[in-house]
Amino acid sequence: MIIIGKEETIIDAYSGVGTIGMYLSSDVKKVISVENNKQAHFAAIKNAKTNNIKNVVFLQIVRMTMMNKIEILAPVGNAENLKAAVLSG
């Protein structure tokens, strides 16, 4: 079992429409929700607004595989998006 607390920040990687991260959001300080599918990313933002969840930061990323071995996740836009998500709140 993993114990998380109110001062924790968690990353919900490949978050889809954000269901798991939003479910856990009431138990942690912040959730960083990371998704590469554009439609799922925007659906997650809509879900958070509909459910009045304010401590989830949403990042749309680009997934790249190099040499069939290394996977890289990069924020859409620029690196400042990721920096802002990690440092905010």
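FYI, the numbering just counts along the sequence from 1.
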ask   = Between the side chains of Asn47 and Lys49, does any donor sit under 3.5 Å from an acceptor?
value = no
For a quick test of your reading: what N or O donor-acceptor pairs under 3.5 Å do the side chains of residues 15-24 make, sequence neighbours left out?
from: Ser15; atom 1: OG; to: Ser33; atom 2: OG; distance (Å): 2.7
from: Ser15; atom 1: OG; to: Val34; atom 2: O; distance (Å): 3.3

task = State, with a plain yes or no, whether a side-chain heavy atom of Val28 is found less than 4.5 Å away from one of Lys6.
result = no
query = Looking at residues at least two apart in the chain, or sitting in another chain, which of them share a side chain to side chain donor-acceptor pair (under 3.5 Å) with Lys46?
reply = none
request  = Search all heavy atoms of Gln39 against all heavy atoms of Asn37 and return the closest pair with its distance.
outcome  = N-OD1, 3.0 Å
query = With no hydrogens and no angle check, is any side-chain donor or acceptor of Asn36 less than 3.5 Å from a backbone partner on Ile61?
reply = no
key: Taking every non-hydrogen atom, the tightest pair across Tyr14 and Glu35   = C-OE1, 3.3 Å
request  = Please test Val56 against Lys30 for side chain to side chain contact (heavy atoms under 4.5 Å, CB included), starting from the C-alpha separation and ending with a verdict.
outcome  = CA-CA 6 Å; Val56 180; Lys30 179 170 57 175; over 6 Å; no
inquiry  = So for atom CD1, which belongs to Ile53, do other residues, nucleotides or ligands contribute more than 12 heavy atoms lying within a distance under 6.0 Å?
reply    = yes
key: With sequence neighbours excluded, residues passing side-chain contact (heavy atoms from CB on, under 4.5 Å) with Lys38   = Phe42, Gln60
inquiry  = Between Glu7 and Lys29, is the side chain to side chain contact (heavy atoms under 4.5 Å, CB included) condition met? List the steps.
reply    = CA-CA 5 Å; Glu7 295 304 312; Lys29 181 177 180 180; 4.3 Å; yes
request  = State, with a plain yes or no, whether a side-chain heavy atom of Ile32 is found less than 4.5 Å away from one of Thr9.
outcome  = yes
